[in-house]
Chemist: 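Got a structure for you, questions after.
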Amino acid sequence: MASCLGLFIDNNLIKYAKVSKDHDRLKVESFGVEFYEKIDVAIKKVIDETYSYKTPISINLSNETYNYFDMFALLNKKDLPKAIKTEFEALCDDKGYNPNVFETRFALVDNPADKEKLKVIHISSNKIDLNKRVQEFEGYTLSGMYPIGMSISNLAELKPKESYLIVNIEDNTTIITVEDQKVNNVKTLDIGSNDFLSKLNLKENSYSKAYEVCKETTIYTSEGKNLGGEESQSLEDIMPVLYDIVGQVRKTINETQAKFSKIYITGTAALINNIDLYFEEYLEDASCEILKPSFINITPDMNIKDYVEVNSAISLALMGLNVGIPGMNFKQSSLKEQLASALKVDIHPDKSGKEKKLAGNLLTNDLSEPLDKTEKALLRVVSSILIFFIIYCLFAALINNQMENKSEEAQASISNTNAQIQLVQKDNTQIKEATSRYTELIQNLQEINDKIADANSTKKAIPNLLTAIMSGIPDDVQIVSIQNTSGRHIEIVAQSTQYDQLGFLRAKIKTDGILTDVTSTAGEKSNDIITVKIEGELP
């Protein structure tokens, strides 16, 4: 009897369920919820409680991304993965991502709008996030990592040729569209139970108490009673989140041409009483109900809500038991696991020795005679050599495969690092350009300030100069012109009939400090009029 432990890991809690499979019969052996601050401690506690030391473990991905491509239905099956890879690389190129840092899987569904094409649901997850999660389970038998959007439909009872909507409200919300028993679309929302649990946690000062408050909360529809007290306060935090989620569900219904037979609600928010009635009230003509595992026989003494609480974990355990969509496992087998799988050979010898006789007769080409001692010894030697050769080939192939995988991971890491370096260099160049531009602007501003300061300084200097000159000019001297030729430089042209009067004017300008660095020409005489030019700088 095979069994698998499903763990759904959210930010503050782990939902777990250990499921066993005997032929087609499924049974949930143990389940529960564990709150944690240190995830490694919580994982150990869950494994101890479920006694799953060697039991295969299936967990959920975190932060996976869903993309959708259209492919020609007549495309060769061998060429289809290459074509999908090309589409994803083109998408990464448009967004500036390195495709080598992602681990990817895909599922194919029919395209009702175009029968000549297939719809590809493409899921990608960062390899660094995957490796971190794998390291958290070191020492345990981690066998599978699955996207919850592709596993939760395992629980629903889906009829052929009918459409369903599954709303999984965990920390984040996932809206899954199922058509004709196949997942057709997965929409992820950034809102979910974490939005109101974090607020309740602040009030209760305990995440586990906030979780219990959520379970005990009842939503009353428009025909219900008004609430007061603590339950009203919890609804103040819960209802805005549910209102946004209902709006997104309604938008999904309007965008889809199919008529949904039923809308299933699951996840942490499904524990809120009457949430199905709340959804049904706002989604007209829609039948809404809480998702219950279809393989569980409900009895009067059973609290089905306990199973609903761990729906996500049960669906992951079913994936580990090969129930659900194949090819969704993001966990890459280690060399040790691959080698153990390759060497796992069941030998069931027949007590009558018929197999041995048949093998010997085939080797000797005689079907009637038994094997003698020499033939037996020879058969043992040949068998040993053959087994050794097979083991050697398998081991060499696995080593080579692991080396290639490590090389790809190293190349992906190098490419990612180079891309980050290029971004840093680009930012550095932009900073230098901005610095140069700002330096130029500062210089221009300084020049303007200097000009303004110079203009302000000479604004009153010229009138003061004229006043000083007029107060001390001799009677026989006439000022022809006064010019401010450049900056603070002044040129004064004066005339007089007497040299000593012009000399007196020059001496007064210099002695009184009207100008500095005073110089003058020798004077030119014309028709008894002497003209001189006196130059100097404004003080």
Side-chain angles (χ1 to χ4, degrees), residues 64-71 91 106-123 147-196 219-224 235 238-270 272 274-291 311-312 315 325:
E64 69 268 24
T65 302
Y66 295 86
N67 293 296
Y68 302 90
F69 309 126
D70 286 329
M71 294 290 165
L91 178 66
F106 65 86
L108 301 175
V109 292
D110 295 331
N111 190 341
D114 190 348
K115 294 183 179 180
E116 294 183 356
K117 291 185 178 181
L118 290 173
K119 181 178 180 180
V120 179
I121 303 177
H122 189 275
I123 309 103
I148 193 67
M150 305 299 285
S151 69
I152 197 68
S153 59
N154 295 340
L155 305 179
E157 186 176 355
L158 307 173
K159 296 180 181 180
K161 298 182 180 180
E162 291 193 13
S163 300
Y164 300 87
L165 207 62
I166 303 176
V167 185
N168 189 28
I169 312 174
E170 299 288 5
D171 270 10
N172 294 323
T173 302
T174 311
I175 303 174
I176 303 99
T177 304
V178 182
E179 295 183 7
D180 195 17
Q181 298 180 317
K182 292 183 179 180
V183 174
N184 186 268
N185 188 276
V186 179
K187 183 178 182 180
T188 56
L189 308 178
D190 291 333
I191 55 176
S193 59
N194 183 59
D195 290 83
F196 53 78
I219 299 175
Y220 291 93
T221 59
S222 58
E223 298 178 357
L235 285 174
I238 293 173
M239 296 309 296
V241 179
L242 295 184
Y243 181 79
D244 290 341
I245 294 173
V246 169
Q248 290 294 330
V249 173
R250 182 186 297 166
K251 182 179 178 182
T252 302
I253 294 174
N254 294 335
E255 293 173 347
T256 307
Q257 297 179 355
K259 181 176 177 60
F260 294 103
S261 302
K262 197 165 292 183
I263 296 176
Y264 288 110
I265 304 166
T266 183
T268 298
I272 301 172
N274 291 345
I275 188 173
D276 51 338
L277 299 180
Y278 173 75
F279 269 68
E280 203 166 74
E281 182 177 15
Y282 281 90
L283 302 175
E284 298 177 359
D285 301 326
S287 175
C288 302
E289 67 177 56
I290 304 300
L291 177 62
N311 270 347
S312 297
S315 72
I325 303 171

Chemist: Tell me whether the count of non-hydrogen atoms from other residues, nucleotides or ligands lying under 6.0 Å of CD in Glu255 goes above 12.
Modeler: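 Result for CD/Glu255: enclosed.
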
Chemist: Quick one about Ser163 and Glu179 (side-chain donor to acceptor, distance below 3.5 Å, no hydrogens or angles considered), yes or no?
Modeler: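 Judged by distance alone, the side chains do not pair up.
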
Chemist: Heavy-atom count check: over 12 atoms from other residues, nucleotides or ligands less than 6.0 Å from Glu157 CD?
Modeler: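 Incorrect, the count does not exceed 12.
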
Chemist: List the atom of Thr174, the atom of Gly149, and the distance in Å for their closest heavy-atom pair.
Modeler: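 Taking every non-hydrogen atom into account, CG2-CA, 4.0 Å.
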
Chemist: Once rounded to the nearest 0.5 Å, what's the spacing between atom CD1 of Ile176 and atom CG of Asn184?
Modeler: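 With rounding to 0.5 Å, CD1 (Ile176) is 12.5 Å from CG (Asn184).
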
Chemist: Does Asn254, at its CG atom, have more than 12 non-hydrogen atoms belonging to other residues, nucleotides or ligands within less than 6.0 Å?
Modeler: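 Check passes, neighbour count above 12.
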
Chemist: Under 4.5 Å between any side-chain heavy atoms of Glu64 and Ile148, yes or no?
Modeler: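 Of all side-chain heavy-atom pairs linking Ile148 with Glu64, at least one is under 4.5 Å.
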
Chemist: Flag the pair Ile166 / Val178 as yes when at least one side-chain heavy-atom distance between them is below 4.5 Å, and no otherwise.
Modeler: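 With C-beta onward as the side chain, the pair touches.
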
Chemist: Do we get Lys119 above Tyr68's six-membered ring, with its NZ or CZ under 6.0 Å from the centre and within 45° of the axis?
Modeler: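 Checked: cation-pi criterion met.
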
Chemist: Report the residue from Val183, Leu291, Val167 that forms a side-chain contact (heavy atoms from CB on, under 4.5 Å) with Ile152.
Modeler: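 Testing each of Val183, Leu291, Val167 against Ile152, the sole residue satisfying side-chain contact (heavy atoms from CB on, under 4.5 Å) is Leu291.
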
Chemist: Please lay out, stage by stage, how Thr266 and Ile169 fare under the test side-chain contact (heavy atoms from CB on, under 4.5 Å).
Modeler: CA-CA 6 Å; Thr266 183; Ile169 312 174; over 6 Å; no

Chemist: Indicate the atoms forming the closest heavy-atom contact of Tyr278 with Tyr243, along with that distance.
Modeler: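 The answer is OH-CA, 3.5 Å.
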
Chemist: Look up atom CZ in Phe196 and atom CE in Met239, then write down how far apart they are to the nearest 0.5 Å.
Modeler: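 Going from the CZ atom of Phe196 to the CE atom of Met239 covers 10.5 Å.
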
Chemist: Would you compute the distance between atom CG of Leu283 and atom CG of Leu165 and round it to the nearest 0.5 angstrom?
Modeler: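 Rounded to the nearest 0.5 Å, the CG-CG separation comes out at 9.0 Å.
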
Chemist: Any side-chain donor-acceptor pair under 3.5 Å between Glu170 and Ser312?
Modeler: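 The criterion, which ignores hydrogens and geometry beyond distance, is satisfied for Ser312 and Glu170.
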
Chemist: Is any side-chain heavy atom of Asp70 closer than 4.5 Å to one of Val120?
Modeler: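 Counting from C-beta outward, Val120 and Asp70 never come under 4.5 Å.
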
Chemist: I'd like to know whether Ile245 forms a side-chain contact (heavy atoms from CB on, under 4.5 Å) with Phe279, so could you lay out the CA-CA distance, the side-chain angles of the two residues, the decisive distance to 0.1 Å, and finally the verdict.
Modeler: CA-CA 10 Å; Ile245 294 173; Phe279 269 68; 4.2 Å; yes

Chemist: Please examine the side chains of Thr173 and Gln248, heavy atoms only from C-beta on, and report whether any two atoms are closer than 4.5 Å.
Modeler: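 No; the side chains remain at least 4.5 Å from each other.
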
Chemist: If I compare all heavy atoms of Ile191 with all of Asp195, which pair ends up nearest, and what's the gap?
Modeler: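 Distance-wise, the nearest heavy atoms are CA-OD1, 3.4 Å.
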
Chemist: Would you compute the distance between atom CG of Asn168 and atom OG of Ser151 and round it to the nearest 0.5 angstrom?
Modeler: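 The OG atom of Ser151 is 8.0 Å from CG of Asn168, to the nearest 0.5 Å.
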
Chemist: Looking at side-chain heavy atoms only, is the closest gap between Tyr66 and His122 below 4.5 Å?
Modeler: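 Not touching, per the 4.5 Å side-chain cut-off.
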
Chemist: Are any of the side-chain heavy atoms of Ile253 and Ile263 separated by less than 4.5 Å?
Modeler: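 Ile253 reaches Ile263 side chain to side chain.
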
Chemist: State the CD1-CG distance between Ile275 and Leu242, to the nearest 0.5 angstrom.
Modeler: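 Here the rounded value is 4.5 Å.
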
Chemist: Between Asn274 (side chain) and Ile219 (backbone), is there a donor-acceptor pair under 3.5 Å?
Modeler: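 Yes, Asn274 side chain to Ile219 backbone: donor-acceptor pair under 3.5 Å.
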
Chemist: For a quick test of reading the model, state the closest non-hydrogen atom pair linking Cys288 to Glu280 and the distance between them.
Modeler: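 It is N-OE2, 3.0 Å.
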
Chemist: How many angstroms lie between atom OG1 of Thr252 and atom CG of Leu189, to the nearest 0.5 angstrom?
Modeler: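 Spacing of OG1 (Thr252) from CG (Leu189) equals 7.5 Å.
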
Chemist: Check the surroundings of atom NZ in Lys187: do more than 12 heavy atoms from other residues, nucleotides or ligands lie under 6.0 Å from it?
Modeler: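 Buried by this count: over 12 neighbours within 6.0 Å.
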
Chemist: Decide yes or no on side-chain contact (heavy atoms from CB on, under 4.5 Å) for Val186 and Ile175, but give the supporting numbers first.
Modeler: CA-CA 6 Å; Val186 179; Ile175 303 174; over 6 Å; no

